[in-house]
Each structure stands twice: as C-alpha cells, then as structure tokens.
Amino acid sequence: MTPVGGDEKPSLSRSSSFKRKLSIPSVGYKRVLVLGSGSFGSCLADHLADIGHQTRIWARNKDVVDSFNNNHKNPKYLTDHTFSKNLKAVGPEFPSFEDLLLYNVIVMAIPSQSMSSVLKNLVPLFEAKKDKAPLLVFANKGIESGSCFLPIEIIERECGKEIARVSTFLSGPSFAKEIVQRMPTQVTIASFSSQHAEQACEVFHQGHFLTFSSTDPVGVELAGALKNVYAIASGVASGLGFQQNTRAGLVTRASAEMQKIGAAFNADPLTFLSLAGVGDLFLTCSSENSRNFTVGKRLGEGEKLQHILDTLGSTAEGVFTAEAVHELLKRLEMSAPIAEAVYDLLYQGASAADMADRLMGLPSMPELARPMVRRSSHSERFMQAVGVLSPAQSPSITPSVTPGGSPPHSPKPQNTGINALPEDK
C-alpha cells in the first residue's frame, strides 16, 4: 500500500469557470479511504484529495489502480478528467487490517448489492477500535435485493447496531461529472448521531460543495434509492415523446409515493422536500446525464432492456432497486402505482405504452391526503433493528442548520465508546 504520509500540498489552481478558493476544513485534514472507484467514488475521492485530505481510493482492478497512480486517470469512469495529484489508489487486494488502522475516515461508494461483502472486511477494524471507530460515510444508494434492506439495515446486520447509529449517509443532487468540474453542488449528510453528521459535513464542505446535516438517515436513504426508480419512469415518458407537463406531474406524484413509503419507516416527511429528496429526484428525473433516466428513455424509444444494460457502460441502480421496491411494497402491504408500473416494465414484459396507459388510467383521488400507514411485520422488524426514533417522533433532536451545514449550538460529543469521534493521532 502507498504510505499515507508525504503528500504534496493541495492544488489551488484546478480548472474552473469561476474563481474558487479552498478553505481548510474546521476538523483539520483527515486520512481518508474511499472504497469504490466508480464515477461517484472517484469524484468524491478527487474532491477530498483536492481539499488536502490524505486520500486513498480502493479499486478492485489493477489496471485502474495503475492508471490512477501513473496517469491520474480513471480508465473506466470520468475518463476525460485528470484527477488530483494528491490522490493515490490502492488495490486490487482489499486493504489489510494494518492499513485500515491508518484511516480516520472511510467513505463507502460501491453498489448497494455489494455492501455486505465489503462490510465483512471492516468488522475486525470496528472490533479493534471500539473507542475510536473511523468516521463512516456511505455514498451508495439502493435497496438490497432479497432482503429489501436499506444500507443502514445492512450495516446493522453486518456490523451491529452501534456502528449503524453513528454511520453517516451522503446524498443529494450531485452528478459526478459536475463535481469534478467543481460546479457548485449541495448535498445532505445524515446520521442518527448529529455529531457524526456534522463532522462528516465539515470533512467535505467547501464553497463549491456545500453540505447540510440531517438526523433522518432513513428518509435520506429511502429518497436516494427510490428516486432512481422514478427516474426510469421519467425517462420512459421522454422516450415516448411526452413533454414538460407530463414530467412535472410525474415527478410530483413520485414525491408523494416516496413520502408514503417513508411514512412506513417513520421517516421525516420534510426530508422528501430536501436536497436529498426533491432535489435529487428533480435532477435525476430531468437529465440524460442520469443513467436511470437514460435507461427509461431508451426503453420508451423501443430498445430492449438487456441491450441497454449491455451498452450503458455503468450501473443503473434503479433497475435493481425496482425489483426490491416491488417486494418491499408487498411486505408493507402498500400501493405505489408509478413504482409498480416501472417494475412491470422491467420484469413482467409490459411495454412502455402499456405503462403510460396504465398510469393515465388511474382514477381521480385526493391529492394531499395523508398516507394511512399500517405497521407491517417488515416495518416493525426495521424499527427493532435500527432501534432509534426518527426526527418526526423526536423533533427536539433535530438541530437547526446554518448555511455552513452545522448547527450553531450543538452538544459536545461523548469522548468514550463508539460515539467518540475519530481524531488524528
């Protein structure tokens, strides 16, 4: 593994369309490991290295590792971008236990379907550093197939409840190609631990990358996963030739479905009106830079799903999430017409025209009726597994947020146990 120390000073002259200043993070410079070298993992690693954090990115492919280290390029994703010279790659072997001990921030940016196997590799680290576990930031979005678990549930299953409670989750309207161009971007970082959410915000926060903290990780995760399904629906509408009226109505009703599903998990309804909610939903449903929107658009134009996936060049999480959401809705005993129509299009042989006819044939209904949620065995199991009240139940634990992303009057973090924040040695 490349030694963590000895990096050059952060570059202040990266190309940009406007004058950009880098500020020193209030938490100081950290030793960061980014797990995953796809588009989003790569752009976050580039951002963190450019700030000045001593950043390593783990890739499963030796060619990717060599290309990062020798040419500052990712040969598979964001291929036109030259990455920060401060960024080094490690792999293809997973970092050893001794190497993992060097980092005080670990960013997970791999597909949700692969989370479980990677987390198993981190368990020895968590067991050894019970008093000072590294700050964990999860940037992946999705629902695990089969179990219908959200990322926080996968963490609880593999690593325990205490690790899940202090994990943080980054989400919001943030295309990777614009992040590496240093286009102004705003994201939410959520955790049941407000202190950990705030610290993660400060690790990432810059003038061109604004961070806002939240104590509703469940709502943030649900919004991040579900919006990919609705982006496919929006793409289908575009592929069929429908225009702005259709898209606006579809996105609005998609938001209502997201809130309805969120209610079953005690998510805060306001989360679905946040950057991680309607912000990310609008972006993903309105741009051909979205992989999920592109899948839907090509389906609407008549292409076959397998051909689309074979030629897309990267993962469209919404395709997998649609199947998981279908199963989740059955377990919750809940209806979500748009999500169900996407599932039938992808997995039941329905055509794009069938999907449109079905949704346009919905009966008249009250628009703003509050969802009547009946607790199911799945949602009850979720509550028991996570074991933490949502902000909707305990508004007093939700901090007021300043433009910088941190509450002005936050309680001091505990100094012992798993809630202790990671510090530099």
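This chain uses plain numbering: 1 for the first residue, then up along the sequence. Values reported hereafter were calculated over all heavy atoms of this structure, with side chains retained and with hydrogens, waters and symmetry mates removed.
Residue pairs meeting the salt bridge (Lys or Arg N to Asp or Glu O under 4.0 Å) criterion with at least one member in residues 167-176, sequence neighbours excluded, do not occur. Pairs passing the side chain to side chain donor-acceptor pair (under 3.5 Å) check and including a residue from residues 338-356, sequence neighbours excluded, read Tyr343-Gln348, Asp344-Arg358, Ser351-Asp354.
The shortest side-chain heavy-atom distance between Ile143 and Phe320 does not fall under the 4.5 Å cut-off. Side-chain contact check for Ser174 versus Ile179: some heavy-atom pair is nearer than 4.5 Å. Looking at Leu119 and Ile155, their side chains come closer than 4.5 Å, going by heavy atoms from C-beta outward. Using a 4.5 Å cut-off on side-chain heavy atoms (C-beta onward), Val64 and Pro75 make contact. Val107 is not listed as a side-chain neighbour of Phe40, based on a closest heavy-atom distance of 4.5 Å or more. Using a 4.5 Å heavy-atom threshold, the side chains of Phe149 and Met115 count as separate. By the 4.5 Å heavy-atom criterion applied to side chains, Arg182 and Asp46 are counted as neighbours. A heavy-atom distance below 4.5 Å is not found between the side chains of Glu198 and Ser191.
Distance check, rounded to the nearest 0.5 Å: NE2 of His307 to CZ of Arg298 gives 5.5 Å. The CZ atom of Phe293 lies 7.5 Å from the OG atom of Ser286; values are rounded to the nearest 0.5 Å. Within the model, atoms CG of Asp268 and CD of Gln259 stand 10.0 Å from one another, a figure rounded to the nearest 0.5 Å. The CD1 atom of Ile338 sits 4.5 Å away from the CG atom of Leu250 when rounded to the nearest 0.5 Å. A distance of 8.0 Å separates CG of Asn104 from CD of Gln199, quoted to the nearest 0.5 Å. For the atom pair CG of Leu240 and NZ of Lys297, the computed distance is 10.5 Å after rounding to the nearest 0.5 Å.
Remark: side-chain polar atoms of Glu323 are not paired, donor with acceptor, to backbone N or O of Leu346 under 3.5 angstrom. Between the side chain of Ser214 and the main chain of Ala190, no donor-acceptor pair closer than 3.5 Å is present. Put simply, the side chain of Asn86 never gets that close to the backbone of Asp50: no donor and acceptor are under 3.5 Å apart. Remark: side-chain polar atoms of Ser37 are not paired, donor with acceptor, to backbone N or O of Ser42 under 3.5 angstrom. A distance-only check finds no donor-acceptor pair linking the side chain of Glu156 to the backbone of Pro151 [under 3.5 Å]. The closest donor-acceptor contact from the side chain of His53 to the backbone of Lys30 lies under 3.5 Å. Listed for the Glu221 side chain is a donor-acceptor partner under 3.5 Å among the backbone atoms of Ile152.
With sequence neighbours excluded, no residue forms a side chain to side chain donor-acceptor pair (under 3.5 Å) with Asn140. Partners of Thr271 by side chain to side chain donor-acceptor pair (under 3.5 Å), not counting sequence neighbours, listed by chain and number: Asp216. Under the side chain to side chain donor-acceptor pair (under 3.5 Å) criterion, Gln244 pairs with no residue, sequence neighbours left out. The side-chain contact (heavy atoms from CB on, under 4.5 Å) check on Asp63 picks up Asn61, with sequence neighbours excluded. With sequence neighbours excluded, the residues that form a side-chain contact (heavy atoms from CB on, under 4.5 Å) with Glu127 are Val123. Residues passing the side chain to side chain donor-acceptor pair (under 3.5 Å) test with Ser114, sequence neighbours excluded: none. Taking Ala200 as the reference, Leu135, Val137, Thr168, Ile189 meet the side-chain contact (heavy atoms from CB on, under 4.5 Å) condition, with sequence neighbours excluded. Remark: Ala223 pairs with Met258, Phe272 by the side-chain contact (heavy atoms from CB on, under 4.5 Å) rule, at least two apart or across chains. Considering only residues two or more places apart in sequence or on other chains, Lys177 meets the salt bridge (charged side-chain N to carboxylate O under 4.0 Å, His left out) condition with none of them.
Heavy atoms of other residues, nucleotides or ligands lying less than 6.0 angstrom from NZ of Lys73 number more than 12. In this structure, Phe282 places its CZ atom where only 12 or fewer heavy-atom neighbours from other residues, nucleotides or ligands lie under 6.0 Å away. More than 12 heavy atoms of other residues, nucleotides or ligands sit less than 6.0 Å from atom CG of Asp310.
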Test log, rule side-chain contact (heavy atoms from CB on, under 4.5 Å), inputs Ile308 and Leu299
CA-CA 8 Å; Ile308 296 171; Leu299 285 169; 3.8 Å; yes

Do Ser26 and Glu202 pass the side chain to side chain donor-acceptor pair (under 3.5 Å) test, and can you show the C-alpha distance, the side-chain angles, and the key distance before you say yes or no?
CA-CA 6 Å; Ser26 64; Glu202 296 301 340; 3.1 Å; yes

Can you check side-chain contact (heavy atoms from CB on, under 4.5 Å) on Phe94 and Leu35, steps first, answer last?
CA-CA 9 Å; Phe94 194 81; Leu35 298 174; 3.9 Å; yes

Kindly indicate, with the supporting measurements, whether the criterion side-chain contact (heavy atoms from CB on, under 4.5 Å) is fulfilled by Val34 and Leu87.
CA-CA 10 Å; Val34 177; Leu87 177 62; over 6 Å; no

Would Ile57 and Leu44 count as a side-chain contact (heavy atoms from CB on, under 4.5 Å) here? Give the steps.
CA-CA 10 Å; Ile57 184 170; Leu44 292 180; over 6 Å; no

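By the 30° and 60° cut-offs, the orientation of the rings of His47 relative to Phe209 is tilted.
The side-chain contact (heavy atoms from CB on, under 4.5 Å) with Leu275 is formed by just one residue from the set Asp280, Leu283, Leu210, Thr188; it is Thr188.
Looking at Arg291 and Ser39, their side chains never bring a donor and an acceptor atom within 3.5 Å of each other. Counted by atom type alone, His205 and Thr211 present one or more donor-acceptor pairs between their side chains at under 3.5 Å.
Phe175 and Ser287 make their closest contact through CE1-OG, 3.5 Å (heavy atoms, listed as atom of the first residue, atom of the second, distance). Taking both residues in full, the closest heavy atoms of Leu125 and Pro134 are given as CD2-CG, 3.8 Å, listed atom of the first, atom of the second, then distance. Between Ala350 and Leu345, the shortest heavy-atom contact is O-CD1, 3.2 Å. Contact record, Ala45 with Thr55: O-CG2, 3.8 Å, taken as the closest heavy-atom pair.
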Throw together a table of side-chain donor-acceptor distances under 3.5 angstrom for residues 228-235, partners on residues two or more places apart or in other chains.
residue, atom, partner, partner atom, Å
Asn228, OD1, Asn292, ND2, 3.0
Tyr230, OH, Glu257, OE1, 2.6
Ser234, OG, Cys285, O, 2.5

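Looking at Arg165 and Glu162, a side-chain N of the basic residue comes within less than 4.0 Å of a carboxylate O on the acidic one, giving a salt bridge.
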